[in-house]
Number of protein chains: 2
Amino acid sequence: DLFKCQIFREEEEEMEREPTRVMVAVNESTIKGKPHPSISSKRAFEWTLEKMIRSNTSDFKILLLHVHVVDEDGFDEVDSIYASPDDFKESNKSKGLHLLEFFVKKCHEIGVSCEAWIKKGDPKDVICQEVSRVRPDLLVLGSRGLGRFQKVFVGTVSGFCVKHAECPVLTIKRNADETPSDLADD
Amino acid sequence: DLFKCQIFREEEEEMEREPTRVMVAVNESTIKGKPHPSISSKRAFEWTLEKMIRSNTSDFKILLLHVHVVDEDGFDEVDSIYASPDDFKESNKSKGLHLLEFFVKKCHEIGVSCEAWIKKGDPKDVICQEVSRVRPDLLVLGSRGLGRFQKVFVGTVSGFCVKHAECPVLTIKRNADETPSDLADD
């Protein structure tokens, strides 16, 4: 057990390295009556926790970006940063904040540190701009993916970001069993 | 310290979960006189070790796939599997095997388990077929990426696999400072 403790202490020192900063772009569901996160962004987030971060929560930091599509309403281009569930209590409970709150809560439950913020604009452009500004180690994007017999690629945002984002990009498609009857829904 | 040991033991149990199986597609350099791995596949592999696996080597298993482009020479469509540096000693030291040996050695140095094999065919098709057959949790691909003023997307293999591979795909571009003078080189 003394030996084990020593191994543990070495591992602990190892963990003091800079965490891997993972930016996850999240958006709202387009399906009426569905809770806020889209199927594909929820799936991408959960995959990242289960398959990449696993139990190594201190090795990673999650940066949650929600791009609020413009001309819907007058949302300020604020850079409020949300890092704990408490940060949402005082604030205006708009749709975008509800969305971020969902993901920030999950991060706190599993004990991985996070930051979350909202930007407005065209998602593909804003995501690439934020990558250039924030310099994450990795960008994670959910994608509607391709049905087995569909010829059109739906994930234009992910396609654009794989080409243009200045960091590695992880694209995660929805599971087949999560795909709604209308493939354009998410 | 007793408390620390207990934490360690719990972590140890946690680690007995199935490892995350990461398929990394690797290819040879196209630059004359350069050592075997291409800049982009070496970069993708090293990024995976440093930023994703980090010190959590027992949480991951690396599956190294090299697709030998057809009609160059008559290479058998063998499925020999290489999992340790010793496996290469007796075998024919062809280019593809040298390539896999490079990556298998690195895996052994850092203590992450791996398997490596060669298939022949068109890389983009074979990679997607192997994903469907082997069912990894993640496919990692290096990409030549875009120069700042280039309009053409060079990474046709990664573009195809992001769309068609039946698992999440991580695309990792070369660093700007690693890009050779001729962008088509790798």
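In what follows, every chain begins at residue 1, and chains take the letters A, B, ... in the order their sequences are listed. Basis for what follows: all heavy atoms, side chains included, without hydrogens, waters or symmetry-related copies.
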In this structure, CG of B:D59 is separated from CE of A:M52 (nearest 0.5 Å) by 12.5 Å
For chain A, which candidate among B:D137, B:V22, B:I172 shows the most heavy-atom pairs at distances under 4.5 Å? B:D137
Quick check: does any side chain N or O of A:K173 sit under 3.5 Å from a backbone N or O of B:V162, one acting as donor and the other as acceptor? yes
Note: B:E18 and A:R54 closest approach over all heavy atoms is O-NH1, 2.9 Å
Working to the nearest 0.5 angstrom, can you tell me the gap between B:K51 NZ and A:T20 OG1? 5.5 Å
Say you draw a straight line from CG of B:L170 to CG of A:L138; how long is it, rounded to the nearest 0.5 Å? 6.0 Å
